[in-house]
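Remarks on the structure that follows.
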There are 2 protein chains.
Amino acid sequence: MAIDTKERILDVAERLFADFGYNATSLRDITREAGVNLASVNYHFGSKEALLAALLERRFAGINERRLTQLDRAEAAAGPDGPGLEEIVRAFLAPPFEMRSEWGSSGQKFLRLVGRIHSETDEIRQVFIQLFQPCLSRFKAALQRALPDVGPDEVEWRAHFLVGAMAHTMTWCDSFQSRDQDAMLESLVRFGAAGMATPSGSPVEVHAPARLSR
Amino acid sequence: MAIDTKERILDVAERLFADFGYNATSLRDITREAGVNLASVNYHFGSKEALLAALLERRFAGINERRLTQLDRAEAAAGPDGPGLEEIVRAFLAPPFEMRSEWGSSGQKFLRLVGRIHSETDEIRQVFIQLFQPCLSRFKAALQRALPDVGPDEVEWRAHFLVGAMAHTMTWCDSFQSRDQDAMLESLVRFGAAGMATPSGSPVEVHAPARLSR
DNA sequence: GTCTATATGCGGATAGAC
DNA sequence: GTCTATCCGCATATAGAC
């Protein structure tokens with residue numbers, strides 16, 4: 001039953017890391033709850049940090065593949081100027097939240113874990129960044145193409161803001177009072193696209209524009 | 001030299017909590033680096049968690065006061081419709097970053113600590129939320145007033161997105177390649193205001209609008 | 001207020017029997 | 001592959017001398 005043991009460890013670790021954080025979760029907590037022996041974590045994974053890495057790789061590869069697939073599709077369907085901002089932002093944000101629905105409660109937990117990892121210390125984030133950075137780079141390039149009048153530094157910053165809004169939502173969306181998760185994703189996409197789209201040098205203050213445009 | 005001891009503990013704890021996280025920082029780390037005795041933390045503060053609370057209260061009260069003052073000023077200067085979105089967002093975002101400049105490197109560290117706290121586990125966040133929630137509520141009301149056509153749930157979500165972008169920026173802005181911190185704040189304000197301002201029901205996809213408006 | 005010494009328990013990791 | 005038992009160090013917190 002070795003395979004079951006590995007899977008059980010991964011499932012339980014995912015949930016506990018998500019709910020209580022990586023540092024605050026001990027291998028004893030994980031193995032007790034999974035009903036396996038304490039030593040099995042080091043036997044199967046080598047260390048606590050390697051367990052985290054295995055856990056992230058198990059799900060994250062699929063998410064980033066889907067992100068890139070959706071971006072490819074948007075670029076193929078777009079004209080010579082490339083896809084619109086909202087399409088790019090949606091291709092980036094939708095996959096983790098789609099997966100959350102598809103994978104049920106463990107997808108939910110994984111999402112929270114990923115959200116928390118964004119503000120973990122560098123050492124712990126290292127594994128994560130290796131999985132995330134290549135995908136993020138392609139999206140930054142797509143965003144830059146869609147925003148030819150915005151400088152590279154500014155695009156970089158806005159990408160950080162977008163990632164921050166996403167990470168915070170991943171961490172806490174279970175706690176928001178919301179019945180419709182699809183609507184929340186759509187709100188996030190629109191928020192992010194609108195933020196990205198701001199003209200960089202415009203001196204004019206926008207006064208409650210929602211009032212004028214609906 | 002009791003007062004000096006307390007201050008030294010607070011200063012060092014602020015820095016270490018910011019850089020390595022609350023859980024990963026031990027009282028031994030703090031007292032060793034501060035050059036004080038291990039037992040002095042419990043003597044002066046009672047516990048590690050109470051130390052965190054004292055640390056947050058020391059700086060956070062001033063930040064929230066300044067936020068509310070700036071909001072008051074904007075409301076006093078505004079017409080009957082209240083201040084514009086960008087003014088509200090700026091009143092919320094500017095004070096922590098202003099303080100960062102005023103308080104030097106310890107302000108920088110404190111900012112990162114606050115950023116990290118946003119994704120800490122509920123237990124640790126409790127103290128922080130008590131300090132943050134009253135201020136946040138007033139801002140939500142101001143935002144709702146500036147966005148009369150957007151439903152309360154939607155305003156709530158957007159406020160979460162804004163907080164997420166802010167927290168992520170607080171945590172990592174030291175690592176961004178940026179010479180001008182004022183420019184970064186201004187970018188964040190514009191990003192947040194534009195995101196908040198999105199018309200909620202508009203079916204039209206925005207296609208690279210920055211290209212059209214500059 | 002500050003110190004040393006210590007209580008008490010949990011942490012990750014491993015050795016070696018089965 | 002799984003188990004028990006254990007190494008060894010660090011954690012928070014406190015008691016009690018100075």
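The sequence lines fix the lettering, A, B, ..., with proteins before strands; numbering per chain opens at 1. Hydrogens, waters and symmetry mates play no part in the numbers below; they use all other heavy atoms, side chains included. These numbers come from a predicted model, not from an experiment.
- In this entry the distance linking CG of A:D4 with C1' of D:dT2 reads 14 Å, nearest Å.
- Regarding A:F45, its CZ atom lies at a distance of 16 Å from the P atom of C:dT14, rounded to whole Å.
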Identify all side-chain donor-acceptor contacts of residues 126-144 of chain A below 3.5 Å with residues at least two apart in sequence or on another chain.
| from | atom 1 | to | atom 2 | distance (Å) |
| --- | --- | --- | --- | --- |
| A:S137 | OG | A:Q133 | O | 3.0 |
| A:R138 | NH1 | A:D72 | OD1 | 2.9 |
| A:R138 | NH2 | A:D72 | OD1 | 3.4 |
| A:R138 | NH2 | A:E75 | OE1 | 2.9 |
| A:K140 | NZ | A:E156 | OE2 | 3.1 |
| A:Q144 | NE2 | A:L147 | O | 3.3 |
| A:Q144 | NE2 | A:V150 | O | 2.9 |

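- A heavy atom lying under 4.0 Å from DNA chain C marks the following residues of residues 10-26 of chain A, by number: A:T25, A:S26.
- Taking the six-membered ring wherever Trp is involved, the centroid distance between the rings of A:H168 and B:F161 does not fall below 6.0 Å.
- Side chain of B:Y43, nearest nucleotide from D:dT2, C:dG1, C:dG12: C:dG1.
- Per the geometry, CZ belonging to B:R8 stands 12 Å off C1' belonging to C:dT2, to the nearest Å.
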What pairs of nitrogen or oxygen atoms, one from the protein and one from nucleotides 3-8 of chain D, lie under 3.5 Å apart?
| from | atom 1 | to | atom 2 | distance (Å) |
| --- | --- | --- | --- | --- |
| D:dC3 | OP2 | A:N37 | N | 3.4 |
| D:dT4 | OP2 | A:N37 | ND2 | 3.4 |

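- One interatomic measurement links the two molecules: CD of A:E123 to C1' of C:dG12, which rounds to 14 Å at whole-angstrom precision.
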Q: I would like to know whether A:L113 and A:L55 meet side chain to side chain contact (heavy atoms under 4.5 Å, CB included); could you show each step before the answer?
A: CA-CA 10 Å; A:L113 168 58; A:L55 198 160; 3.3 Å; yes
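- In this structure, CZ of A:R32 is placed 19 Å from C1' of D:dT2, rounded to the nearest angstrom.
- Contact annotation: B:T5 side-chain N/O to C:dT2 OP1/OP2 distance is under 4.0 Å.
- Take A:D19 and apply the salt bridge (charged side-chain N to carboxylate O under 4.0 Å, His left out) test, not counting sequence neighbours, and it matches A:K109, A:R112.
- Taking the centre and axis of the six-membered ring of B:W157, the NZ or CZ atom of A:R190 falls outside the cone set by 45° and 6.0 Å.
- Both tests do not hold together for A:K6 against A:Y43: distance to the six-membered ring centre under 6.0 Å, angle to the ring axis within 45°.
- Each ring-ring contact (aromatic ring centres under 6.0 Å, His included) pair with one or both residues in residues 7-37 of chain B, not counting sequence neighbours, appears once here: B:F17-B:Y22.
- B:F110 meets the ring-ring contact (aromatic ring centres under 6.0 Å, His included) test with no other residue; sequence neighbours excluded.
- Note: CG (A:N42) to P (C:dG11) measures 14 Å, nearest angstrom.
- Annotation: cation-pi geometry not satisfied between B:R58 and B:W103 (NZ/CZ under 6.0 angstrom from ring centroid, within 45° of ring axis).
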